[in-house]
Amino acid sequence: MSVARTSVGVVGLGYVGLPLALAMDDSGYDVVGVDVDEAKIDRLNDGESTISDVSSEDVAAGLDGGIQFTTDYEQLSHVDGLSICVPTPLRKTDTPDLSYVIDASEQLARTIPEDCTIILESTVYPGATEEVVGPILAEHGHEIGRDVHLAYSPERIDPGNEIYGATEIPKVIGGVTSACCDRAEALYDPVFDEVVRVESATEAELVKLLENTFRAVNIALINELAQVANELDVDIWNVIDAAKTKPFGYTPFYPGPGLGGHCIPIDPVYLSWKAEQHGMNTRFIDLADTVNREMPGHVVQRVLTLLNERGTALVEANILVVGVAYKPGVSDVRESPAIDIISELTEASATVQYHDPHVPELDVDGTTFESVSLEEIDIGQKDCVVIVTDHSTVDVDRIVAEAQLVFDTRNATKGSDARNVIKL
């Protein structure tokens, strides 16, 4: 007689949820993946991947293994465990937007069976698992720690990272109760190489925010130093290379045109917002956020100055932006500084085109831009080429050889001594 396999659900099939659903399927679970985007579900059911980190072959293999993709929450009425991986953006007022978490929680509260384990993975402020998800479950008659188990596990997905796979990165878990953590740990232990247990869901939430606030603050520091180095006529990239030879007490961070992705630009704001609710000011975090947000404007100002030195007004300039994804090797444009840079350049009446092998189209202020092929344009006719994302597949040597002026915000031209190359 066959033994029934444990059934799990994943809500939200984006950069976090889709790899998790496939990993759980690989671990022997029966998996149901739910997403409200019907077009995405149709593509997944056709065996087509919707994110760059997952191949269509992996999706097809998951379908062959029995994984289900659906928009119907009712398909989760029999599952033993659930992971919530929905977006948590910022509102226009720079306050946390947990509307997706709330909606998913309400849907699940009406659907889940008794003794179900729910793990929230979406980035939230400390206390949100207990303060937001917990009461919704309680309103529908679920007693946390008894007939439903609730925990938080911060996602640590790094799009484009070819060194660490999703299941190789240690998984932090904190439960609302000790029993909740026991259940969550048991659910994730077969999936991940290492599960790291902490004292509470709130502690796990703060782990996530610490990791990315640490990066945001240090990137802001090096972004400021890059501006100082420019005034001193010093190559900041050489300075960093020399500093990182010290075997202790230093971790290298690198300047750039601004922060992108979901985590680093947003997580520190979640933390500072929560601190403000407790009457505290996070001056260090807030200053770092200001510095990083100003970097796209700094890039545009540098381009304007460089063009003026060459007798070209920005209003008359023909500019090529190279790379619009927020990091190399991915198609993800969430919070990409390229969007702000293109917006500011076009507002100044410059003529702007972009090239990105991973992003065929980009919406900027309601206007759709299409990626141009470097083979089909005359790079030498551009007044300035701005390298915003250093994709490894872009022929930087050709750009340097043909362009009148290259403004390199990522040190993609490292080693070049060409006079037409200026670095951030």
Side-chain angles (χ1 to χ4, degrees), residues 123 126 153-174 192-199 203-272 275 280-295 298 326-330 337 389-390 392 408-416 423-424:
T123 298
S153 180
E155 61 88 1
R156 284 173 158 176
I157 294 293
D158 184 19
N161 191 322
E162 297 180 357
I163 299 175
Y164 298 105
T167 61
E168 297 171 323
I169 302 168
K171 203 77 173 88
V172 174
I173 290 180
F192 296 93
D193 292 353
E194 181 182 359
V195 174
V196 180
R197 182 169 175 151
V198 296
E199 293 296 320
E203 194 168 289
E205 291 159 343
L206 190 54
V207 167
K208 170 68 173 176
L209 300 184
L210 168 60
E211 292 170 359
N212 287 314
T213 299
F214 170 79
R215 295 173 68 190
V217 167
N218 280 281
I219 291 170
L221 171 63
I222 202 66
N223 277 336
E224 274 203 325
L225 287 178
Q227 296 175 52
V228 172
N230 177 60
E231 291 299 317
L232 298 175
D233 197 24
V234 171
D235 188 325
I236 188 63
W237 306 95
N238 289 341
V239 173
I240 296 169
D241 283 345
K244 71 181 183 181
T245 62
K246 185 179 181 182
F248 57 89
Y250 180 78
T251 300
F253 287 84
Y254 299 92
L259 297 182
H262 177 271
C263 292
I264 303 179
I266 292 177
D267 291 7
V269 181
Y270 270 64
L271 182 54
S272 60
M280 300 177 63
N281 293 320
T282 52
R283 291 173 292 176
F284 210 63
I285 297 173
D286 295 342
L287 178 59
D289 182 59
T290 298
V291 171
N292 289 327
R293 286 174 184 262
E294 289 176 348
M295 286 307 294
H298 172 70
Y326 86 88
K327 65 182 293 189
V330 304
T389 311
D390 49 335
S392 62
D408 181 5
T409 72
R410 297 288 190 180
N411 201 27
T413 58
K414 183 177 182 179
S416 172
K423 294 182 184 178
L424 182 69

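Since the structure is predicted, the reported quantities are computational estimates derived from the model, not experimental observations.
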Novice: Is any NZ, NE, NH1 or NH2 atom of the basic residue among K414 and D390 found under 4.0 Å from an Asp or Glu carboxylate oxygen of the other?
Specialist: no
Novice: Are K423 and N238 side-chain neighbours, meaning at least one heavy-atom pair lies under 4.5 Å?
Specialist: no
Novice: Using a 6.0 Å cut-off, check whether atom OH of Y250 has over 12 heavy atoms from anything other than its own residue.
Specialist: yes
Novice: State the CD-CD1 distance between E211 and I264, to the nearest 0.5 angstrom.
Specialist: 11.0 Å
Novice: Would you check if I169 and I157 make a side-chain contact, meaning some heavy-atom pair closer than 4.5 Å?
Specialist: no
Novice: Which atom names give the shortest non-hydrogen contact between P268 and A216, and what distance separates them?
Specialist: CG-CB, 3.7 Å
Novice: Would you give the length of the straight line joining atom OH of Y270 to atom SG of C263, rounded to the nearest 0.5 angstrom?
Specialist: 11.0 Å
Novice: Calculate, to the nearest 0.5 Å, the distance between atoms CG and OG1 belonging to N292 and T290 respectively.
Specialist: 9.0 Å
Novice: Side-chain contact test, heavy atoms from C-beta onward, threshold under 4.5 Å: evaluate it for P126 versus L271 and give yes or no.
Specialist: yes
Novice: Would you compute the distance between atom CD1 of I173 and atom CZ of R197 and round it to the nearest 0.5 angstrom?
Specialist: 9.0 Å
Novice: Identify, with sequence neighbours excluded, every residue that meets side-chain contact (heavy atoms from CB on, under 4.5 Å) alongside E224.
Specialist: V291
Novice: With sequence neighbours left out, what residues match F214 under ring-ring contact (aromatic ring centres under 6.0 Å, His included)?
Specialist: F253
Novice: To the nearest 0.5 Å, how far apart are CG in L225 and CD1 in I236?
Specialist: 5.5 Å
Novice: Please examine the side chains of R156 and K171, heavy atoms only from C-beta on, and report whether any two atoms are closer than 4.5 Å.
Specialist: no
Novice: Evaluate R215 against N212 for side-chain contact (heavy atoms from CB on, under 4.5 Å), listing each step before the verdict.
Specialist: CA-CA 5 Å; R215 295 173 68 190; N212 287 314; 3.7 Å; yes
Novice: Could you report the tightest heavy-atom contact between G256 and N223, atom names first, then the distance?
Specialist: N-OD1, 3.0 Å
Novice: Applying the side-chain contact (heavy atoms from CB on, under 4.5 Å) criterion to L424, which one of Q227, M295, R410 satisfies it?
Specialist: M295
Novice: Is there side-chain contact between I240 and P255, with heavy atoms separated by less than 4.5 Å?
Specialist: yes
Novice: Can we say K327 and D158 salt-bridge, meaning some charged N sits less than 4.0 Å from an Asp/Glu carboxylate O?
Specialist: yes
Novice: About how many Å separate CD1 of I266 and CG of D289, when rounded to the nearest 0.5 Å?
Specialist: 10.5 Å
Novice: Taking CD in E203 as the centre, count heavy atoms belonging to other residues, nucleotides or ligands within less than 6.0 Å. Is the count above 12?
Specialist: yes
Novice: Compare all side-chain heavy atoms of N218 with those of T251 and state whether any distance is below 4.5 angstrom.
Specialist: no
